[in-house]
Amino acid sequence: MTRPEPGAAETARQVAAQGWTPVLAPALLLAPRPTTALPPAQALLLPSRAAARALTPRDNPDLPVLAVGEGTAAEARAQGFAQVTAADGDAASLTALVAATLRPAAGPLLLAVGEGYSTALAAALRALGFKVLRRVVYAATPATALPQAALAALTAGRVGSALFFSPRSATITAALLRDAGLAEICMTIEALALSPRIAAALAPFPWRCIRATSQPNPEALLALLGHRTPSD
């Protein structure tokens, strides 16, 4: 499981409930950055759960929030934002939601992102005529090695599936496996991707097979994994 914490713990519980043994190997280490009061904007855009976790409404709990998906929307509500609308789980659907519900003349959009993320989303919104205030609210640092528990499970041949939640995580994990001398072991592992874009990032590596969800949400990925049966 390559998802970073704290989302990894939640997914691990769900994987265990489906009968599997989760092995955590976060590809990224997320850390919020200090933020000041949010600048004036007609809406706050949250393209990830990590962005939602990094912010609080402070003096503006009624600031409209447009979240990339239901999971991110739930995080925003938990942080105290009162007006939250969810898109369908990817940047394209968030862009479409902005276009359908907001107007460029109503003021700028505040886009909260991780360091190095969502530049294409900002460009797409600006192409629609919106002024976008892109603010980095968390850092995502690549892991430098696989955890010992993951190395042990891989070496023992106990890993049957690997779950990937972003193209960057897929690329980093492939590099970590290669650096650990475990590339050939991947031929026994199916790679499960949260989207076709992530599957494309996995393609250069020799997985037993690659399967992608038809919709970009974690529940769909867990459905792709399925429940363990006695024969598994």
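The shown structure was predicted, so the numbers you read here are calculated from the model rather than taken from an experiment.
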With heavy-atom distances below 4.5 Å as the criterion, would you say the side chains of [X] and [Y] are in contact?
X	Y	value
Pro218	Phe165	yes
Leu44	Leu46	yes
Val65	Arg77	no
Ile210	Glu190	no
Arg53	Leu30	yes
Ser161	Leu225	yes

- Item | Shortest non-hydrogen separation from Pro47 to Val68 and the atoms involved |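 Result for this residue pair: O-CG1, 3.4 Å.
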- Message: Quick check: closest heavy atoms across Ala41 and Leu109, and the distance to 0.1 Å?
- Response: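 Answer, listing the atom of Ala41 first, then Leu109: CB-C, 4.3 Å.
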- Sorted by first residue and then second, give each ring pair (Phe, Tyr, Trp, His ring centres under 6.0 Å) pair with at least one member in residues 169-221; sequence neighbours left out.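 Qualifying pairs, neighbours excluded: Phe164-Trp207, Phe205-Trp207.
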- Query: Does the pair Glu10 and Arg49 meet the rule for a salt bridge (Lys or Arg N to Asp or Glu O under 4.0 Å), with working shown?
  - Reply: CA-CA 12 Å; Glu10 175 188 345; Arg49 295 179 65 172; 2.7 Å; yes
- With side-chain contact (heavy atoms from CB on, under 4.5 Å) as the test, would you mind laying out the steps for Leu102 and Leu66 before giving the verdict? CA-CA 10 Å; Leu102 303 177; Leu66 275 61; 4.0 Å; yes
- Message: Test your reading of the model: is there a side-chain donor-acceptor pair from Ser48 to the backbone of Ala51, 3.5 Å cut-off?
- Response: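 Yes: the side chain of Ser48 pairs with the backbone of Ala51.
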- Judged by atom type as modelled, is there a donor-acceptor pair below 3.5 Å linking the side chain of Gln83 to the main-chain atoms of Asp62?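 Side chain of Gln83 to backbone of Asp62: a pair is present.
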- Message: Determine whether Leu125 and Val98 satisfy the following criterion, side-chain contact (heavy atoms from CB on, under 4.5 Å), listing intermediate values before the conclusion.
- Response: CA-CA 8 Å; Leu125 294 168; Val98 169; 3.8 Å; yes
- Run the numbers on Leu177 and Leu154 for side-chain contact (heavy atoms from CB on, under 4.5 Å), then give the verdict. CA-CA 10 Å; Leu177 288 166; Leu154 287 162; 3.7 Å; yes
- Message: Ring of Tyr138, cation from Arg33 - is the NZ or CZ under 6.0 Å from the centre and inside 45° of the axis?
- Response: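 No, Arg33 does not sit over the ring of Tyr138.
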- Going by atom types only, do Arg208 and Thr188 share a side-chain donor-acceptor pair under 3.5 Å?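 No donor-acceptor contact under 3.5 Å links the two side chains.
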- Which is it for Val113 and Arg134 under the side-chain contact (heavy atoms from CB on, under 4.5 Å) test, yes or no, and what are the steps along the way? CA-CA 7 Å; Val113 302; Arg134 185 175 172 275; 3.8 Å; yes
